[in-house]
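Right, one structure below, let's go through it.
FYI, the numbering just counts along the sequence from 1.
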Amino acid sequence: MVVVAALMRSGHRVLRLWWRVRKPSTYGVKVLVLHPQHPGRCLVVRHSYVDQQWWGLPGGGYKPHKETAEAAAVREVFEELSLPISKTTVLETLTTNREGKVDSLTILTAEAESEEFKLSAELAEARWVSTDLADLPADASISQWLQRALAASRRG
């Protein structure tokens, strides 16, 4: 698993360089996964290959001509965590210029069908935490997407 994560980190660095040169349009999803039995708890992750210090949301890229953001959310959470989800709801769609590309990012919420998950090589760590993030250390780095998802879910 360590070798796979190292290869993913290297590949991501090359991809970032390519994005700066080509400036493509991409599509991505981030998913606020809610605990199936405990309201007020969500799943947070740390990726193994990019932004490793940040607690954030599972998710990834998709091609809108092949699948919807909702279908991509289901696929990505299952790929990263072997965790089926349901009841996906779009919280927000925005455009970012992070990493030198134009990315249409859809942030969704979904309900986990189980509390059990299994990490893929893409993830260094995952855990269920309260939605006020009090379970994380006080000095934990929190991704802007996790913060936005939690704020949007409170408004909704």
Side-chain angles (χ1 to χ4, degrees), residues 1-2 4-5 7-9 11-12 15 19 24-96 98-99 101-137 140-156:
M1 190 116 108
V2 173
V4 173
L7 288 172
M8 292 173 79
R9 279 192 298 275
H12 193 74
L15 195 55
W19 289 335
S25 293
T26 59
Y27 297 84
V29 292
K30 295 287 183 185
V31 188
L32 178 65
V33 180
L34 303 174
H35 195 283
Q37 287 98 25
H38 300 289
R41 295 191 69 74
C42 64
L43 191 62
V44 296
V45 302
R46 282 188 322 103
H47 285 87
S48 62
Y49 63 95
V50 64
D51 298 332
Q52 299 169 29
Q53 73 279 13
W54 295 90
W55 285 98
L57 299 169
Y62 75 101
K63 298 193 183 327
H65 63 280
K66 291 188 176 182
E67 65 184 340
T68 63
E70 292 86 347
V74 170
R75 177 182 51 76
E76 284 290 336
V77 171
F78 193 79
E79 285 176 3
E80 292 183 5
L81 295 153
S82 296
L83 179 63
I85 59 172
S86 60
K87 300 178 185 171
T88 58
T89 303
V90 173
L91 293 174
E92 178 178 18
T93 298
L94 56 123
T95 301
T96 74
R98 191 168 183 243
E99 300 180 325
K101 60 183 175 154
V102 178
D103 191 26
S104 176
L105 180 66
T106 301
I107 301 172
L108 304 97
T109 186
E111 187 175 301
E113 293 183 3
S114 166
E115 66 180 308
E116 302 297 322
F117 57 84
K118 180 180 165 195
L119 298 181
S120 73
E122 290 184 57
L123 298 178
E125 189 175 356
R127 62 171 80 161
W128 292 105
V129 299
S130 62
T131 54
D132 65 6
L133 305 179
D135 303 331
L136 292 176
S141 297
I142 310 298
S143 80
Q144 66 175 315
W145 310 127
L146 174 53
Q147 292 173 22
R148 285 184 83 117
L150 289 169
S153 71
R154 288 182 195 111
R155 289 191 303 267

Task: Any pair counted as salt bridge (charged side-chain N to carboxylate O under 4.0 Å, His left out), so long as it reaches residues 54-63, sequence neighbours left out - done: none
Open item on the list: Testing the 3.5 Å rule here: is there a donor-acceptor pair between the side chains of Thr93 and Thr106?
Closed with: yes
TODO: Run the numbers on Trp55 and Val45 for side chain to side chain contact (heavy atoms under 4.5 Å, CB included), then give the verdict.
DONE: CA-CA 5 Å; Trp55 285 98; Val45 302; 5.6 Å; no
Task: Trp145 vs Leu94 side-chain heavy atoms within contact, under 4.5 Å - done: yes
TODO: Report the distance from atom CG of Leu150 to atom SG of Cys42, rounding to the nearest 0.5 Å.
DONE: 5.0 Å
Open item on the list: Would you compute the distance between atom OG of Ser141 and atom CG of Leu136 and round it to the nearest 0.5 angstrom?
Closed with: 10.5 Å
- [ ] Can you tell me which residue pairs pass the salt bridge (charged side-chain N to carboxylate O under 4.0 Å, His left out) test with a partner in residues 124-133, sequence neighbours excluded?
- [x] Arg46-Glu125, Glu125-Arg127
TODO: Just grab all the side chain to side chain donor-acceptor pair (under 3.5 Å) pairs involving residues 31-40, residues at least two apart or on different chains.
DONE: His35-Glu115
Task: salt bridge (Lys or Arg N to Asp or Glu O under 4.0 Å) partners of Glu92, counting only residues at least two apart - done: Arg148
Open item on the list: Looking at every non-hydrogen atom in both residues, tell me the closest pair between Ala121 and Ser48 and how far apart they are.
Closed with: O-OG, 2.5 Å
- [ ] Could you tell me whether a side-chain N or O of Glu76 sits under 3.5 Å from a main-chain N or O of Val29, the two making a donor and an acceptor?
- [x] no
- [ ] Give the C-alpha distance, both sets of side-chain angles, the deciding distance and a yes or no for side chain to side chain contact (heavy atoms under 4.5 Å, CB included) between Val74 and Glu70.
- [x] CA-CA 6 Å; Val74 170; Glu70 292 86 347; 5.9 Å; no
Open item on the list: If I compare all heavy atoms of Val31 with all of Ala73, which pair ends up nearest, and what's the gap?
Closed with: CG2-CB, 3.5 Å
Task: Under 3.5 Å: donor-acceptor pair, side chain of Ser104, backbone of Tyr27 - done: no
TODO: Kindly compute the distance separating OG (Ser86) from CD (Glu113), expressed to the nearest 0.5 Å.
DONE: 4.5 Å
Open item on the list: Checking Glu67 now: which residues fulfil salt bridge (Lys or Arg N to Asp or Glu O under 4.0 Å) with it, not counting sequence neighbours?
Closed with: Arg75
- [ ] Measure the OG1-CZ distance between Thr131 and Arg41 for me, rounded to the nearest 0.5 Å.
- [x] 9.0 Å
TODO: Using modelled atom types only, decide if a donor and an acceptor are shared between the side chain of Asp135 and the backbone of Ser130 within a distance under 3.5 Å.
DONE: yes
Task: Over all atoms of both residues, closest heavy-atom pair of Leu43 and Ala126 - done: CD1-CB, 4.4 Å
TODO: Work out which heavy atom in Ser114 is nearest to a heavy atom in Pro36; give both atom names and the distance.
DONE: C-CG, 3.7 Å
Task: Listed partners of Thr109 passing side-chain contact (heavy atoms from CB on, under 4.5 Å), at least two apart - done: Leu32, Leu34, Thr89, Leu91
